[in-house]
Amino acid sequence: MSERSVFAIPNIQTPSSPVVFDSNVCTGCNNCVETCPIDVFIPNPQKGLPPIILHAEECWYCGCCVDDCPCPGAAKFNWALPMKPRWKNKESGELHQLK
């Protein structure tokens with residue numbers, strides 16, 4: 001029986017990433033892969049590395065992947081620009097935006 005190679009290539013039409021992983025903190029537990037309701041991620045074939053974001057354009061921005069991460073600081077949610085909360089301080093008039 002011959003060996004087959006399988007490749008998973010992220011969709012390059014979506015330039016943004018709904019989640020940013022810190023590879024120094026992420027243990028590659030794949031809890032986010034199991035938690036995501038729409039399968040945005042797939043496990044990284046190399047053990048101990050963050051998962052691969054395969055279908056970024058399908059993300060619902062629910063944040064359950066980051067909320068259920070057991071390693072604090074391993075994953076940071078990256079809001080889409082139109083969804084980033086903005087507010088104005090009534091007293092000073094200063095504008096704020098979630099980073």
Side-chain angles (χ1 to χ4, degrees):
M1 189 178 264
S2 64
E3 287 188 33
R4 290 179 22 179
S5 295
V6 179
F7 298 98
I9 301 171
N11 185 352
I12 47 181
Q13 295 179 359
T14 306
S16 65
S17 174
V19 178
V20 178
F21 292 101
D22 184 348
S23 58
N24 296 324
V25 180
C26 180
T27 61
C29 69
N30 294 319
N31 193 41
C32 52
V33 175
E34 300 299 323
T35 303
C36 182
I38 51 170
D39 299 329
V40 170
F41 312 101
I42 61 169
N44 198 317
Q46 295 180 351
K47 267 205 173 314
L49 291 180
I52 297 170
I53 301 171
L54 193 61
H55 302 292
E57 71 281 357
E58 294 184 19
C59 181
W60 290 351
Y61 291 91
C62 63
C64 63
C65 53
V66 176
D67 289 341
D68 289 343
C69 182
C71 302
K76 177 184 168 196
F77 202 68
N78 187 23
W79 291 95
L81 187 58
M83 297 174 73
K84 282 192 178 182
R86 294 181 288 269
W87 65 94
K88 184 176 182 179
N89 186 326
K90 285 184 178 181
E91 295 169 0
S92 68
E94 186 179 4
L95 295 174
H96 301 278
Q97 182 171 354
L98 185 66
K99 293 181 183 188

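Scope of the values below: all heavy atoms of this structure, side chains included, with no hydrogens, waters or symmetry mates.
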**Asked** Which value, rounded to the nearest 0.5 Å, describes the distance between Cys69 atom SG and Phe77 atom CZ?
**Response** 13.5 Å

Expected list for residues 36-49: side-chain donor-acceptor pairs under 3.5 angstrom, two or more places apart:
from  : atom 1 : to    : atom 2 : distance (Å)
Asn44 : OD1    : Gln46 : N      : 3.1
Asn44 : ND2    : Pro50 : O      : 2.9

**Asked** So how far is it from Cys71 SG to Phe21 CZ, rounded to the nearest 0.5 Å?
**Response** 11.0 Å

**Prompt:** Between Val19 and Ile53, what is the shortest heavy-atom contact and its length?
**Reply:** O-CD1, 3.2 Å

**Message:** Looking at Asn78 and Ser17, would you say the former's side chain and the latter's main chain have a donor-acceptor pair under 3.5 Å?
**Reply:** yes

Can you give the donor-acceptor pairs under 3.5 Å from side chains of residues 22-34 to other protein atoms, not counting sequence neighbours?
from  : atom 1 : to    : atom 2 : distance (Å)
Asp22 : OD1    : Asn24 : N      : 3.0
Asn31 : ND2    : Asp68 : O      : 2.5

